[in-house]
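Okay, structure first, notes after.
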Protein chains: 2
Amino acid sequence: MRVSELAQRTGASPRALRHYDANGLLPSQRLANGYRDFPEQAIERVRRIRLLLAIGLDLEDVAQLLPCFAETGELTPCDRAQERLRGQIADIDAKMSALRATRRMLAGELRQWAGPPAERDPARSPDRPPAEHAEGPREERRHEEL
Amino acid sequence: MRVSELAQRTGASPRALRHYDANGLLPSQRLANGYRDFPEQAIERVRRIRLLLAIGLDLEDVAQLLPCFAETGELTPCDRAQERLRGQIADIDAKMSALRATRRMLAGELRQWAGPPAERDPARSPDRPPAEHAEGPREERRHEEL
DNA sequence: TTAAACTTTGCCACCGGCGTCAAGGTCAAG
DNA sequence: CTTGACCTTGACGCCGGTGGCAAAGTTTAA
């Protein structure tokens with residue numbers, strides 16, 4: 001299939017896909033006319049790429065990680081990849097706990113400062129976990145289903 | 001105290017501190033000669049700033065959030081701040097679950113590909129969670145939704 | 001006095017993923 | 001043929017925190 005199809009089937013922009021390709025993350029053939037020709041495989045692959053990116057890895061990291069996901073019998077760089085992944089996991093865990101701490105502090109402060117019970121949506125109290133707010137006159141930037 | 005002292009007492013670079021100051025995050029007096037003069041308070045404040053930044057907020061968000069942390073009786077912009085914070089929390093939660101998924105996949109693949117037991121440190125197997133070196137974040141099983 | 005160590009402000013560089021032209025090739029439909 | 005959708009490569013822009021450099025003033029040590 002060609003870029004735009006892959007694009008709409010994955011949710012990534014054609015630009016992004018070419019970018020992945022350019023960085024060797026996305027194997028593609030070329031048709032006689034020079035157009036990229038992606039295999040069905042690519043869909044799965046793009047999903048993986050985006051997942052890894054969403055985690056906070058950069059393209060280079062992703063490139064290292066991908067061969068660990070089978071389908072080719074690569075046996076090489078998974079070593080370093082694991083370490084990177086492990087590092088990312090640790091980072092995120094750290095962020096999480098920092099976040100929790102912050103949320104606690106904030107919630108505590110807000111309770112003091114609270115004063116009059118706002119006429120706000122009562123389902124959203126500062127000391128209750130996320131519950132996924134779906135609002136926004138803001139930008140359309142929604143994160144995918146991951 | 002002056003920048004460089006605050007810098008080495010907080011771990012931030014003088015450059016960064018001036019940046020925070022320039023953006024109104026870090027209140028400072030000026031000495032007769034024009035040098036910045038930070039109060040002891042600043043140390044705590046910088047810690048907070050960096051914590052928020054580490055979470056993934058930007059300076060503007062941090063600026064909104066800081067007055068919610070007491071010490072001044074500010075009563076204003078915590079509203080939007082809360083929303084931002086909530087959004088960040090959601091993002092991080094998403095990353096976390098993505099991370100967990102990835103770890104699972106990676107671990108699974110590696111089991112297949114494993115072959116000969118590498119002569120690596122046997123304490124670190126790819127399918128066991130981080131285990132955290134020092135005072136690491138808890139392995140909390142709480143919000144698994146999303 | 002003079003050099004060294006600090007300070008100030010201001011501006012430019014960088015990173016990285018991708019948006020966004022721009023200039024041009026390909027191809028099916030009218 | 002022409003139009004228009006789709007493709008190609010290449011280049012520039014952006015964001016935002018920070019590094020780095022420059023020019024200039026201050027303070028301190030020798």
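Worth saying up front: this structure is predicted, and the values here are computed from it rather than measured. Protein chains get the first letters and strands the later ones, always in sequence-line order, with residue 1 at the start of each.
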Does anything in residues 3-14 of chain B pair up under salt bridge (charged side-chain N to carboxylate O under 4.0 Å, His left out), and if so which pairs, sequence neighbours excluded? B:E5-B:R9, B:R9-B:E40
Expected output is a numbered-order residue list: members of residues 19-27 of chain B with a heavy atom under 4.0 Å from any atom of DNA chain D. What is it? B:H19, B:Y20
So salt bridge (charged side-chain N to carboxylate O under 4.0 Å, His left out) across residues 12-21 of chain B, not counting sequence neighbours, yields B:D21-B:R36
For A:Q29, all residues meeting side-chain contact (heavy atoms from CB on, under 4.5 Å), sequence neighbours excluded: A:D37
Ignoring the backbone of A:L53, work out which of D:dG17, C:dC18, C:dG19 is nearest its side chain. C:dC18
Those residues at least two apart in sequence (or on a different chain) that pass side-chain contact (heavy atoms from CB on, under 4.5 Å) with B:P39 are B:Q41, B:A42
Distances under 3.5 Å between protein N/O atoms and the N/O atoms of nucleotides 24-26 of chain C, please, pair by pair.
{"residue": "C:dG25", "atom": "N2", "partner": "A:Y35", "partner atom": "OH", "Å": "2.8"}
{"residue": "C:dT26", "atom": "O4'", "partner": "A:Y35", "partner atom": "OH", "Å": "3.4"}

Among residues at least two apart in sequence or on other chains, which ones pass salt bridge (charged side-chain N to carboxylate O under 4.0 Å, His left out) with A:R2? none
Tell me, please, which residues at least two apart from B:Q8 pass side-chain contact (heavy atoms from CB on, under 4.5 Å). none
Go through the structure and list residues passing side-chain contact (heavy atoms from CB on, under 4.5 Å) with A:E60, not counting sequence neighbours. A:D58
Determine, for nucleotides 9-14 of chain D in 5'-to-3' order, which nucleotides have protein heavy atoms under 4.0 Å from the base (write B), from only the sugar-phosphate (write S), or from neither (write -). B-B---
Under 3.5 Å donor-acceptor, B:R100 side chain and B:K95 backbone: no
